[in-house]
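In what follows, chains carry the letters A, B, and so on, assigned in the order in which the sequence lines appear, proteins first and then strands, with residues in each chain numbered from 1. Computed from a predicted model, the values in this text were never measured in an experiment.
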There are 2 protein chains.
Amino acid sequence: MTTGVTPPAGKKWIVGVDLGGTNISVGALPLDGGDGEVLGLKTVATDASRGAKFVVDRIIGLIHDAMEVVLAAEGGTESDFAGVGIGSPGPLDRDSGTVLNTPNLGWRNFPLRDLIARAIGLPATLDNDANCATYGEWWLGAGRNVDSLVGLTLGTGIGGGIVLNGEIFHGVSDAAGEIGHMTIDSTGRLCKCGNYGCLEAYASGPAIAHRAVEGITAGAESLLPGLVDGRLDAVTAATVYEAVVLGDPYANEVMRETAKFLGAGVASIINMLNPEMVVISGGVTRAGDHLFVPLRAEIRRRAFRSAEEACQVVSGRLPGTAGVIGAAAVFKKETYGVV
Amino acid sequence: MTTGVTPPAGKKWIVGVDLGGTNISVGALPLDGGDGEVLGLKTVATDASRGAKFVVDRIIGLIHDAMEVVLAAEGGTESDFAGVGIGSPGPLDRDSGTVLNTPNLGWRNFPLRDLIARAIGLPATLDNDANCATYGEWWLGAGRNVDSLVGLTLGTGIGGGIVLNGEIFHGVSDAAGEIGHMTIDSTGRLCKCGNYGCLEAYASGPAIAHRAVEGITAGAESLLPGLVDGRLDAVTAATVYEAVVLGDPYANEVMRETAKFLGAGVASIINMLNPEMVVISGGVTRAGDHLFVPLRAEIRRRAFRSAEEACQVVSGRLPGTAGVIGAAAVFKKETYGVV
C-alpha cells in the first residue's frame with residue numbers, strides 16, 4: 001500500500017531479503033540508500049528441501065544477523081529499523097503477502113510476509129524477486145537517473161521486471177514482467193515452461209551452455225572441452241564466457257548467437273514499451289563487449305529507430321545485491337510512497 | 001497536456017479525426033461519449049498523392065461538415081464544440097503536434113495539429129492512429145469496464161496500443177505500442193519493416209492472404225481460387241474468411257495458423273504486461289469463433305496461467321469508428337484530464 005507518508009526521522013535502516021531457489025541473500029540499507037553499499041550482507045544456501053519452516057527460520061536468523069552488524073558498526077537500537085522488504089520467486093499475492101505457488105521452493109499459498117514480520121516485530125513487504133532486482137537497479141544501480149526501465153536477469157531462467165514512472169509495473173494480477181517467456185521463435189526450442197521458442201530457452205545460462213555443447217557434439221572445434229576436462233555436461237555459460245576471453249572462435253560464435261536471440265527479445269520490448277533503458281544482469285554479462293556489441297547491433301536492426309535511439313541497453317551495476325537493494329526499495333515505496 | 005480541469009458546462013461536442021494512408025474518417029461525439037454513436041460520420045479517400053495541402057483541406061472540410069450535421073440535428077452554435085482530436089500514422093511528436101515521418105502520406109516534420117486548429121478556430125490534439133483506436137475501444141467499446149488493455153488492429157499492417165490505468169501508454173519518445181513488430185520467429189518471414197519474423201509478417205491482412213496463396217500455389221485444394229475467378233493475386237484476408245464460412249478446410253487451416261501466430265504474439269503481451277483485456281480489431285475478426293477459439297487455445301498454451309486467467313481476449317466493438325472515437329477521447333483526456 002502506498003501511504004505517501006514521509007519517512008520518519010527516527011528510522012534509519014531497511015533490511016532487504018532476496019530469497020531464491022538456490023540462495024538467500026540478506027542485508028541492510030540506509031533509508032536514503034546511501035551509496036548502495038549493503039551492510040551486513042550475507043548469502044547462504046536456501047536448502048529448500050529441508051522444508052518451509054527451516055527456510056523461514058534461516059531468513060529470520062539472517063535478518064537478525066544483518067541488524068546486529070549494522071548496530072555494532074553504526075550504533076543505535078533495533079527501533080532504528082523501519083522494516084523488512086522481501087523478494088521471493090512468484091507467483092505471489094502482494095496484498096496478502098502470500099507466495100501462491102513456487103515450484104523451486106515447493107510452497108503453495110504460503111504467508112511468507114506475515115510469518116517474517118511477526119517473528120522480527122517489524123512491518124514487511126513482499127514482491128517478486130525479478131521485480132525487486134529491477135527496482136534495485138533503478139534505485140541505486142544502472143537506472144539511477146531514468147524514470148522507466150525494463151530489467152532482465154539471465155540466470156538459471158530469465159527473470160524480468162518493468163519500472164514505469166519510478167514504480168514497479170505489476171499488471172492486473174501481479175504477473176507482469178515475465179519477459180523470459182516471450183516467444184521469439186514460435187516453432188523453436190522447447191522451454192522448461194512447456195512452450196516452444198521462449199527467450200529463456202535460448203539465452204538463459206543453461207540454454208547458452210546447451211547450445212554450446214550441441215555444436216561441439218556435432219563436431220565444432222573449440223577450447224571448451226579442454227576447459228571442462230572433456231566433461232561436456234560441466235559446460236556452463238561461465239565456461240563459454242571463459243573460452244570467449246581465451247579467443248575461442250566457436251565460443252565467440254555461441255555468444256554472438258546469444259546476442260541475436262536476446263536482441264530479438266529486447267527489440268520486442270523496446271518496440272512495445274519504448275523504455276529509457278534496458279538493464280541486463282546475470283553472469284553472462286561478464287562477457288561485456290563480446291555480448292553487448294552484437295546485442296546492440298541486433299537491437300538496432302530490429303527495433304524502430306525512434307524507440308531504439310531513446311533506449312540505453314546496459315549491463316546491471318549491482319551484481320549480487322540488486323535483489324536485496326530492490327526488496328528494501330519496495331518496502332520504502334510501499335510504506336512511505338517515495339523511494 | 002493534462003490540465004485536470006472539469007469539462008465546462010457550455011461545451012457539448014468533440015470532433016474526432018482518424019487519418020489513415022487510405023481513408024480519412026471524421027465525426028463528432030458528445031462530450032460524455034453518449035452511447036458511442038458518431039454523429040455526422042463521413043469516410044472519404046485520403047488521396048495523399050495530391051499533396052499535404054490537399055489532405056489538410058479535405059480534413060478541414062470534413063470537420064466543418066460534421067459540425068454542421070450536429071448543429072442541424074441538435075441545434076446550438078459552433079461555440080458548443082470543445083475542440084478536435086486527431087489520430088494520425090506516426091511517428092509523431094505529440095508535444096508539438098507534429099507528424100515526424102509518415103511513409104504512407106509522404107510527410108516529414110509536418111505541423112498537422114496546429115494547421116487544423118488554426119483553420120477551425122478550435123484547440124486540437126494529435127496522437128498515433130493505433131493508440132486512438134485502442135483508446136476508443138477502452139472509452140466506449142469492448143474495454144468500457146477495464147482499466148488496462150492492449151489493442152491490436154489487424155489491417156494492412158498490425159497497429160497496436162496500450163492503455164494503462166485509463167491512459168494511453170506512450171513510452172519515453174511516443175513510440176510505445178508497436179506490437180506488430182514484435183518478433184515471433186526470429187529467423188522467419190521478412191517483414192515490410194526490413195526485419196525477420198515480425199507478427200505483422202504473419203497475421204496482417206496481406207500476410208494472411210499471402211500465406212493462403214502460397215499453399216494453393218504449392219498444390220493445396222481450396223475453394224479460394226474459385227472465389228477470385230482464378231486470379232490468386234486478388235485473394236485477401238476477407239476472401240480467406242469467406243472460404244472459411246463456406247466450409248473450406250484449407251482456408252480453415254490458414255485461419256488456424258493465423259490464430260497460432262497471433263496467439264504467440266498475444267501470449268507474449270500477456271506474459272509481459274498482464275493486462276485485463278486484449279482487444280483485437282480489423283476485418284479478420286469477422287471470422288469470429290473460427291479465429292477466436294483456436295486463438296484463445298494457443299494463448300492458454302503459451303501464457304502464464306495467472307496472467308492468462310486474468311485477461312479477456314475479445315473482438316473490438318467499434319468497427320469503423322474506434323479511431324474517430326479514440327481521437328475524441330484523447331482530446332478530452334488531454335484537455336480536461338478525465339475521459
Quiz prompt | Options B/Thr183, B/Ile269, B/Leu100, B/Leu199, ranked by heavy-atom pairs under 4.5 Å with chain A, top entry | solution = B/Thr183

Quiz prompt | Working for side-chain contact (heavy atoms from CB on, under 4.5 Å), residues B/Thr98 and B/Arg113 | solution = CA-CA 7 Å; B/Thr98 307; B/Arg113 182 193 67 196; over 6 Å; no

Quiz item: B/Arg189 and B/His210: which non-hydrogen atoms are nearest, and at how many Å?
Solution: NH1-CD2, 3.5 Å

Quiz item: Have B/His170 and B/Asn128 got a donor and an acceptor in their side chains that come within less than 3.5 Å?
Solution: no

Practice problem: Output the option from A/Glu309, A/His181, A/Arg305, A/Arg301 having the highest count of non-hydrogen pairs under 4.5 Å with chain B. | Solution: A/His181

Quiz item: Out of B/Met182, B/Glu178, B/Lys260, which one racks up the most heavy-atom pairs below 4.5 Å with chain A?
Solution: B/Glu178

Practice problem: Taking ring-ring contact (aromatic ring centres under 6.0 Å, His included) as the test, write out the residues that go with A/Tyr196, two or more places apart. | Solution: none

Quiz item: Taking all atoms of both residues into account, what is the closest heavy-atom pair of A/Cys198 and A/Cys193, and its distance?
Solution: SG-SG, 3.6 Å

Practice problem: Using a cut-off of 6.0 Å, state whether more than 12 heavy atoms not belonging to B/Asn165 lie near its atom CG. | Solution: no

Self-check item: Within residues 270-279 of chain B, residues adjacent to chain A where the heavy-atom gap is under 4.5 Å
Solution: B/Asn271, B/Met272, B/Leu273, B/Asn274, B/Pro275, B/Glu276

Quiz item: Do we see a donor-acceptor contact under 3.5 Å between the side chains of B/Asn131 and B/Thr134?
Solution: no

Quiz prompt | Heavy-atom check, side chain of A/Asp129 versus side chain of A/Thr153, under 4.5 Å | solution = no

Quiz prompt | Between B/Arg317 and B/Ser281, a side-chain donor and acceptor under 3.5 Å | solution = no

Quiz item: What residue, out of B/Ser186, B/Ala310, B/Ala264, has the most heavy-atom pairs lying under 4.5 Å from chain A?
Solution: B/Ser186

Quiz prompt | Heavy-atom contact with chain B under 4.5 Å, split by part of A/Asp147 | solution = neither

Quiz item: More than 12 foreign heavy atoms under 6.0 Å from CZ of A/Arg108: is that the case here?
Solution: no

Quiz item: Under a 4.5 Å heavy-atom cut-off, does chain B meet the side chain of A/Phe261, its backbone, both or neither?
Solution: side chain

Exercise. Name the member of B/Gly194, B/Ser306, B/Gly171 that forms the most heavy-atom pairs with chain A at distances under 4.5 Å.
Key: B/Gly171

Quiz item: Where does A/Ala267 contact chain B at under 4.5 Å (heavy atoms): side chain, backbone, both or neither?
Solution: neither

